[in-house]
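Worksheet for the structure shown next.
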Number of protein chains: 2
Amino acid sequence: MRLRQLECFRALMLHGTMTRAAELLGMSQPGISTMIAGLEHETGLNLFVRRGGRLQPTPEAKLFYVEAARALEAAENASRVAAEIRSGRRGHLAIAAYPSISINLLPRLLSQFAKNKPELQIKIITRNSATVRELISTQQFDLAVAELPLDYPTSHMEVFSYDCMCMLPHAHPLAKLKQITPDDLDGVPFVTLFRGDPIYQQLASAFSEYGARWNVVAETEFFSTACQLVTEGRGVGIVDPVVSKPFTEGLVVRPFKPRIQYQIAILSPTHEAPSQVAQDFAGLLRRGLRA
Amino acid sequence: MRLRQLECFRALMLHGTMTRAAELLGMSQPGISTMIAGLEHETGLNLFVRRGGRLQPTPEAKLFYVEAARALEAAENASRVAAEIRSGRRGHLAIAAYPSISINLLPRLLSQFAKNKPELQIKIITRNSATVRELISTQQFDLAVAELPLDYPTSHMEVFSYDCMCMLPHAHPLAKLKQITPDDLDGVPFVTLFRGDPIYQQLASAFSEYGARWNVVAETEFFSTACQLVTEGRGVGIVDPVVSKPFTEGLVVRPFKPRIQYQIAILSPTHEAPSQVAQDFAGLLRRGLRA
DNA sequence: GTCCATTATAACGTATTCGTATAGTCGTCC
DNA sequence: GGACGACTATACGAATACGTTATAATGGAC
């Protein structure tokens, strides 16, 4: 039994004559005729009686029609779903991400991506980078974004490196400088990430290298929290220039020397190829992280 | 999109390798390969990634599989239903019949017919012959059985004529005769059908022709009722030899002369071809009515 | 490197599909 | 009753699809 046969059968049932059914399907009348003959032969049913040069559906045809129409609809539905999957309108996109990026950048990009994709199911889970790393390896997520370094590396990892910038309150005296060094910040109240963070380590080295006194007045877990403290005037600090950009509105941001490197990565599942949707979104995310 | 493609896809999803899927479908591995390639091309989906010489379903394949399997099942169901319809296991059989036949003969034949046809829906409606005639013309029934004559004839009517027999209680003195005539029944208490019935008319003519006195002691609507009265010893009567046979157990039945004709007919819908089931049952009914 | 299992491609015969041309059938209108 | 119109069925040919065998290509295991 072929779908084309069912299609012809349905058109014939709905329109009464082969001629009209043929027009509707954009094919010739003899095409319908042989198609129906084939269907009758294969099913062993007499679907139509030839009566007065016309076709009249038998009771069997009416019974069979119900099932035939159902099968056709299911096939057409499958076709439609295929198109939806292809265009990314259907599917799911589960993303695990570390906090700073999932506060602003990620949801912004995601909602942009999900426009005109009504059937796309989106899930964002926010965990610290180590947990994100675990989650992606359990294959439960399509994509993950984590800060580096990871305790042990994952395959399919796309790294983005940023040189951190120094952020200062608008009215800060150092705001007039084009570039900030540890010398400029000697003894200046400073907001930093926690002691365990690579950023902390790098800053400590930088200040010691320059022989400047690093006056840490606050330690935070996230850049976003640090930004808020700086905004409140508690001190100065450093941030990455992209992910944390939304939090530095109203602050002055200047290049910092020496380079304090902040690295994040897009992680993909290892054992399974990522879905097309995930790849597409990864592309958008990549552009967003490069900007 | 063709069913064969979906079939190959399903087999491949279920069995992992093309080689095994091919075995399962009784075809060659290259056949599966080209089939899948065609499906991927037509749907525009990358369904499998070639990884280490093996195939691995993509997330898209998993999404699509749900719909593909559903469509396949619907098609297979349609196929199965077609087989059921063909063999008469599925369908409906609505029969309108006059009382005498619907008391015993019809349900007996029907239940015999419906054995090993679990999905066949049966409906019997009992009305007098005139109403039965109306009902069949409204196309709501697949078959009807009515007594003749009908006020106006229907097309597709298959007539069965019977010569009525004389029935007598077992101990009746006339039981020793091989054949009964009105002369034998001169003045004998007689149970007959109602005055309007053709049987009544024929009997009246017969007795008058033979110059015998017709001693009617009871008039009934149905042969079955008449039979019961005779069994009770109220008198003698006549019945048809086939439809009413079940009611004459324990009675003596003898040929009656002159011929009293009883006619019934199987009626088919006029405007629509009868279903195969109806035709099949009509065959069984025909044999039952000839016996 | 060799063997084994797997998938992909090529070449080819057959079946299916669909078009055009044409014949057959029935009802209707004059 | 004959011509016409509307419809279906059949014949045949070209394009496509299907599925085969033979064979290449790939990657993992030893």
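The figures here come from the full heavy-atom set of this structure, side chains too, leaving out hydrogens, waters and symmetry mates. Every chain is numbered from 1, with letters handed out A, B, ... down the list of sequences.
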(request) Please check the phosphate of C:dA8 (OP1 and OP2 only) for any side-chain N or O of B:Ser33 closer than 4.0 Å. (result) yes
(message) Is the ring pair A:Phe9/A:Phe64 parallel, tilted or perpendicular, if the boundaries are 30 and 60 degrees?
(response) tilted
(request) Would you kindly say whether B:Gln29 and B:Glu23 are connected by a side-chain donor-acceptor distance under 3.5 Å? (result) no
(request) For the residue pair A:Glu73 and A:Asn77, confirm or rule out a side-chain donor-acceptor distance under 3.5 Å. (result) no
How many whole angstroms separate atom [atom1] of [X] from atom [atom2] of [N]?
| X | N | atom1 | atom2 | value |
| --- | --- | --- | --- | --- |
| B:Leu12 | C:dT6 | CG | C1' | 12 Å |
| B:Glu7 | D:dA17 | CD | C1' | 15 Å |
| B:Asn46 | C:dA8 | CG | P | 12 Å |
| B:Glu23 | D:dT20 | CD | C1' | 16 Å |
| B:Leu55 | D:dG27 | CG | C1' | 13 Å |
| A:Arg20 | D:dC7 | CZ | P | 8 Å |
| B:Leu24 | D:dG19 | CG | P | 15 Å |
| A:His15 | D:dT8 | NE2 | C1' | 18 Å |

(message) Consider side-chain contact (heavy atoms from CB on, under 4.5 Å). Of A:Asn128, A:Val243, A:Leu106, which one does A:Tyr98 pass it with?
(response) A:Val243
(message) Tell me if the aromatic rings of A:Phe160 and A:Tyr262 count as close, with their centers under 6.0 Å from one another.
(response) no
(request) Examine A:Lys115 relative to A:Phe113 and say whether NZ or CZ is less than 6.0 Å from the centre of the six-membered ring and inside a 45° cone about the ring axis. (result) no
(message) Does the protein touch nucleotides 16-22 of chain C at the base, only the backbone, or not at all? Give it as B, S and - per nucleotide, heavy atoms under 4.0 Å.
(response) SSSBBB-
